[in-house]
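These notes concern the structure reproduced below.
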Amino acid sequence: MSAPRLEVDLTKVAHNTSTLVSRLRGRGIGVTGVTKAALGSPELGRALVGAGVGMLGDSRVENLERLRAADLPARLALIRSPMAHQLDRIVRCADVSFNSELEIVAGLSAVAGARGTTHAVVLMVELGDLREGILPPDLADAVRATLRLPNLVLEGLGTNLACRSGVVPDATKMADLSRLASSIEADFGVDLGLVSGGNSANLGWALGEEPVGRVNDLRLGESLLLGLDPLHRRPVGGLHTDAIVLVAEVIESKIKPSLPWGRLAQAAFGAPGEATDTGLVAQAILAVGEQDVDPLGLQPPPGVRILGASSDHLVVTAPERLPIGAELRFTPNYSALLRAMTSPFVEKHLLTSTPAPLSGLPG
Ligand SMILES: *Cc1c(COP(=O)(O)O)cnc(C)c1O
């Protein structure tokens with residue numbers, strides 16, 4: 001088989017998804033399955049829809065177009081604020097888009113009108129993470145302007161925390177969003193069908209005890225794929241954390257000194273890590289590097305330690321000499337996963353396995 005490759009076990013991803021869908025349903029919250037880390041893979045989309053997500057979300061038009069072509073029984077959402085030059089494509093491939101700029105919303109209205117269709121918008125609210133969103137004092141004006149536009153449906157409000165600044169989506173923030181939703185409904189006499197509280201970082205709050213208020217949707221990506229809560233990168237109970245592995249092949253394997261020799265300056269990717277003298281070590285090179293993956297985001301198999309990486313080489317040490325041509329399996333974090341999915345040098349294998357017992361779970 002070709003290497004490097006990503007193996008995505010869709011059965012495990014579906015298990016993660018149906019587990020979260022059913023736990024959140026008990027709290028009155030639906031799941032929008034976010035596919036961007038898998039480039040809008042239709043196979044992934046089909047697995048998520050089969051596992052109970054009500055909507056698929058992606059940040060890229062290209063990915064939504066792939067999903068649209070697959071004709072899955074789910075609504076499609078653009079979850080990044082649209083680019084002005086893509087409005088026509090967006091109205092064609094997305095049922096709903098998440099917005100924070102009124103001139104874009106007006107543009108979507110015009111494009112939808114020209115196409116003889118309607119487009120739904122969710123207005124994003126800034127609650128402190130300082131990424132996208134309308135500031136709360138400006139929200140009523142934005143709603144008023146949106147409601148005046150033809151060929152648009154104001155579907156709801158959303159917010160996004162924990163991505164740029166690490167602001168925690170806690171009960172206080174979610175109560176702020178609920179209060180805004182209720183006051184918009186009261187002031188404008190509208191029904192907001194969707195109140196989208198955030199991403200996987202919201203799970204600690206959503207699966208806790210606090211009342212969820214008006215929040216009835218979360219947009220989940222990382223937790224479905226990697227089984228992790230991104231706030232602390234801890235496993236979410238009951239989810240597989242090994243649904244995705246990166247497989248790489250050994251191209252050199254020698255016993256070498258643990259310390260470099262010669263005068264030292266910068267390496268290809270900045271200052272090299274401090275090496276300690278452990279005498280001679282079994283060092284292996286895997287044919288994968290910065291161009292394929294974020295090497296710092298790889299968790300090696302037991303006994304193997306990552307010593308360094310450059311564009312095309314990942315240097316590891318193992319208890320004994322690894323055979324040439326051997327394959328090692330690494331668990332990627334979100335950053336490593338994104339880069340590997342995006343690299344043309346990494347093959348993507350989306351597999352459906354027979355249901356496996358849970359592994360990689362705490363306790
Ligand atoms: C990527 C993204 C998500 C999903 O985040 P995860 O941490 O992967 O669950 C949700 N909302 C927006 C706006 C995003 O860009």
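None of these values were measured; they are calculated from a predicted model.
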Within a radius of less than 6.0 Å around CZ of Arg89, do more than 12 heavy atoms belonging to other residues, nucleotides or ligands occur?
yes
Pairwise side-chain contact, Gln291 with Asp312, heavy-atom cut-off 4.5 Å (strictly under):
yes
What one should report as the nearest heavy-atom pair of Pro332 and Leu226 is O-CD2, 3.8 Å
Would you give the length of the straight line joining atom CG of Leu218 to atom CD1 of Ile29, rounded to the nearest 0.5 angstrom?
5.0 Å
Flag side-chain contact, heavy atom, 4.5 Å: Leu157 against Leu192
yes
For Cys93 and Leu64 the tightest heavy-atom approach is SG-CB, 3.7 Å
Please assess Asp229 against Arg233 for the test salt bridge (Lys or Arg N to Asp or Glu O under 4.0 Å), listing each intermediate value before the final yes or no.
CA-CA 5 Å; Asp229 164 359; Arg233 296 262 138 68; over 6 Å; no
Can you find a heavy atom in the side chain of Thr11 that is under 4.5 Å from one in the side chain of His240?
no
Under 3.5 Å donor-acceptor pairs involving side-chain atoms of residues 94-110, not counting sequence neighbours:
residue : atom : partner : partner atom : Å
Asp95   : OD1  : Arg68   : NH2          : 3.2
Asp95   : OD2  : Arg68   : NH2          : 3.1
Asp95   : OD2  : Leu76   : N            : 2.7
Ser97   : OG   : Asn99   : ND2          : 2.9
Ser97   : OG   : His119  : NE2          : 2.8
Asn99   : ND2  : Ser97   : O            : 3.1
Ser100  : OG   : Ser81   : OG           : 3.2
Ser109  : OG   : Pro150  : O            : 2.6

Without swapping roles, check the side chain of Ser343 against the backbone of Arg339 for a donor-acceptor pair under 3.5 Å.
no
N/O donor-acceptor pair under 3.5 Å between Asp170 side chain and Lys173 backbone
yes
Say whether, by atom type as modelled, one donor and one acceptor occur between the side chain of Arg66 and the main chain of Leu39 under 3.5 angstrom.
yes
Under 6.0 Å from the CZ atom of Arg321, do we count more than 12 heavy atoms belonging to anything else shown?
yes
How many angstroms lie between atom CD of Glu252 and atom CG of Leu286, to the nearest 0.5 angstrom?
11.0 Å
Verify the cluster assignment for Phe330 and Ile251: are they in a single hydrophobic cluster under the rule of side-chain heavy atoms below 4.5 Å apart?
no
To check you understand the geometry: which heavy-atom pair defines the closest contact between Leu127 and Asp176, and what is its length?
CD2-CB, 4.2 Å
Arg5 vs Glu327, test: salt bridge (Lys or Arg N to Asp or Glu O under 4.0 Å). Steps then yes/no.
CA-CA 10 Å; Arg5 66 179 183 274; Glu327 291 187 342; 2.9 Å; yes
Closest heavy-atom pair, Ala336 versus Gly297, reported as atoms and distance to 0.1 Å, is CB-O, 3.6 Å
All heavy atoms of Leu322 vs all of Ala284, minimum pair found to be CD1-CB, 3.8 Å
Contact between Asn160 and Glu132 at the side-chain level, heavy atoms closer than 4.5 Å - yes or no?
yes
Quick one: do Leu350 and Val245 end up in the same hydrophobic cluster if we chain Ile, Leu, Val, Met, Phe, Trp and Tyr together by side-chain heavy atoms under 4.5 Å apart?
no
Are Val34 and Leu203 connected in the hydrophobic side-chain network, where two residues link if heavy atoms are under 4.5 Å apart?
no
Which atoms form the tightest heavy-atom contact between Val304 and Ala318, and what is the distance?
CG2-CB, 4.3 Å
Euclidean distance, Glu62 CD relative to Gln86 CD, rounded to 0.5 Å
6.0 Å
Main-chain N/O of Asn151 paired with Thr118 side-chain donor or acceptor, under 3.5 Å
no
Identify which one of Ser200, Ser59, Ser196 satisfies the side-chain hydrogen bond (donor to acceptor under 3.5 Å, both in side chains) criterion when paired with Arg219.
Ser196
Applying a strict under-4.5 Å side-chain criterion to I, L, V, M, F, W and Y, I'd like to know whether Phe188 and Leu154 cluster together.
yes
Could you tell me the separation between the CG atom of Leu177 and the OG1 atom of Thr172, rounded to the nearest 0.5 Å?
13.0 Å
Starting from the C-alpha separation in whole Å, work towards a yes-or-no answer on side chain to side chain donor-acceptor pair (under 3.5 Å) for Asp277 and Ser258.
CA-CA 6 Å; Asp277 190 359; Ser258 47; 3.3 Å; yes
State whether the side chain of Ser41 and the backbone N or O of Leu44 hold a donor-acceptor pair below 3.5 Å, judged by distance alone.
yes
Side chain Thr159, main chain Val125, donor-acceptor under 3.5 Å
yes
Hey, is the main chain of Ser165 close enough, under 3.5 Å, to the side chain of Asp129 for a donor-acceptor pair?
yes
Walk me through whether Met1 and His349 qualify under side chain to side chain contact (heavy atoms under 4.5 Å, CB included).
CA-CA 10 Å; Met1 234 188 297; His349 293 210; 3.4 Å; yes
Taking the side chain as everything from C-beta on, heavy atoms only, tell me whether Leu139 gets closer than 4.5 Å to Val143.
yes
4.5 Å side-chain heavy-atom contact, Arg329 and Pro301
no
Sort and list the pairs that fulfil side chain to side chain donor-acceptor pair (under 3.5 Å) and have at least one residue in residues 21-32, not counting sequence neighbours.
Thr32-Asp217
Asp58 vs Arg80, salt bridge (Lys or Arg N to Asp or Glu O under 4.0 Å): CA-CA, chis, key distance, verdict
CA-CA 8 Å; Asp58 206 291; Arg80 182 172 73 178; over 6 Å; no
Look at the side chain of Asp292 and the backbone N and O of Gly289, then say whether any donor-acceptor pair between them is shorter than 3.5 Å.
yes
Within-4.5 Å side-chain heavy-atom neighbours: Asp294 and Leu338:
no
Single-linkage hydrophobic cluster Leu328~Val293, side-chain heavy atoms < 4.5 angstrom:
yes
Determine whether Arg214 and Glu185 satisfy the following criterion, salt bridge (Lys or Arg N to Asp or Glu O under 4.0 Å), listing intermediate values before the conclusion.
CA-CA 11 Å; Arg214 294 293 313 275; Glu185 285 187 341; 2.9 Å; yes
Determine yes or no for a side-chain-to-main-chain donor-acceptor pair under 3.5 angstrom, with Asn202 supplying the side chain and Pro169 the backbone.
no
Between the CG atom in Leu337 and the CD1 atom in Ile244, the distance rounded to the nearest 0.5 Å is 4.5 Å
Answer yes or no: is there a side-chain heavy-atom contact under 4.5 Å between Asp9 and Leu351?
no
